[in-house]
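Below is one structure, written out as structure tokens; comments come after it.
Each chain gets a letter, A, B and so on, in the order the sequences are listed, and its residues count up from 1.
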Amino acid sequence: MKLATYNVNGVNGRLNVLLRWLDEAKPDIVCLQELKAPDEKFPRREIERAGYGAIWHGQKSWNGVAILARDRDLRETRRGLPGDPDDSHSRYIEAAIDGIIVGCLYLPNGNPAPGLKFDYKLRWFERLQSYAAELFELDVPVALVGDFNVMPTDLDVYAPERWRDDALFRPEVRAAYAELVAMGWTDAIRSLHPDERIYTFWKYFRNAFARDAGLRIDHFLLSPSLRERLIAAGVDKFARAWGHTSDHAPVWIDLDDR
DNA sequence: ATGTCACTACAATAGTGA
């Protein structure tokens, strides 16, 4: 079973890119981030025509997350991360699919740092840690998937020194990610490719993709029982090379069918 | 500091978030 994540950077503006990638990559489950569309403008018909059922949590202009599934029941188990009833951003949606809990998340960017946005990012990360601990206790297969907006280590940044003060790489944020992983989660991509430079995002600026000046910020965290089923992982860089494409590439893992 | 996108609105350019 192929589980993928894709920050589409506008689900309507990039609809052709998304549909082309679905057709070529044929993932079974997809977590989408940055829909940048309210619920009523989610392109449900086009996605259904491509063979996918979907749940989504949209918002005007910014954020927005969705989960797609092909030939599988998709039962929504949560929308919105617990811990702050005043949080109005659409950044978390979760479903039970094929006996797996899939949590699709879009962690705040947090720039500029320091500042209110960075504080919000750290608070959001704390809430994610608390909720992830709850999920972990359930002892069921769980995948926390999406755009975490954090590069875990120097190996995940083309030029670490230039990113030290950025909200995606500051020590507090890397520490929060490390604490989360240390609860017992497995960073799927890194576990299969411990020494490889793997990027999932390249800025639009300065020809970053052609120079491979990238960042690894889209991640899969697997609970212990899912980790055992992990077969392969990769980045669909070919989709980042297309015209009018997202600044992220789709990322995927292959899980043994049970 | 720069660069490039998408989306939005007291809309045909300027803001904003990334």
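For the residue pair A:Asp147/A:Gln33, the side-chain donor-acceptor check at 3.5 Å is not satisfied.
A cation-pi arrangement, defined by a distance under 6.0 Å to the six-membered ring centre and an angle within 45 degrees of its axis, is absent between A:Arg197 and A:Tyr158.
Here, B:dT13 and B:dA1 have their P atoms 29 Å apart, quoted to the whole Å. Comparing the same atom, P, in B:dA6 and in B:dA11 gives a spacing of 22 Å after rounding to whole Å. Nucleotides B:dC7 and B:dT2 have their C1' atoms positioned 23 Å apart, rounded to a whole Å. To the nearest whole angstrom, the two C1' atoms, one in B:dC10 and one in B:dA14, are 13 Å apart.
Taking the side chain of A:Glu34 as heavy atoms from C-beta on, and the options B:dA18, B:dG3, B:dC7, the nearest nucleotide is B:dA18. For A:Asn109, the listed nucleotide lying nearest its side chain is B:dA18; candidates were B:dA18, B:dT8, B:dG3.
Between A:Lys117 and B:dG17 there is a side-chain N or O to OP1 or OP2 distance below 4.0 Å. Side-chain N/O atoms of A:Arg206 include none lying less than 4.0 angstrom from OP1 or OP2 on B:dT4. An OP1 or OP2 oxygen of B:dG17 is reached within less than 4.0 angstrom by no side-chain nitrogen or oxygen of A:Lys36.
Side chain of A:Thr200 to main chain of A:Ala249: no donor-acceptor pair is present (N/O by atom type, distance under 3.5 Å, no hydrogens or angles).
Each of A:Tyr106 and A:Thr245 lies near DNA chain B, and the nucleotide nearest A:Thr245 is the one positioned closer to the 5' end. Position along DNA chain B of the nearest nucleotide to A:Ala37 versus A:His89 favours A:Ala37 as the more 5'-ward residue.
If you measure from atom NE2 of A:His248 to atom P of B:dA18, you get 11 Å, rounded to the nearest angstrom. Between the C1' atom of B:dC5 and the CG atom of A:Asn207 lies a distance of 15 Å, rounded to the nearest Å.
Under the side-chain contact (heavy atoms from CB on, under 4.5 Å) test applied with A:Ser223, the options A:Asp139, A:Val142, A:Thr186, A:Ile100 reduce to a single match, A:Val142.
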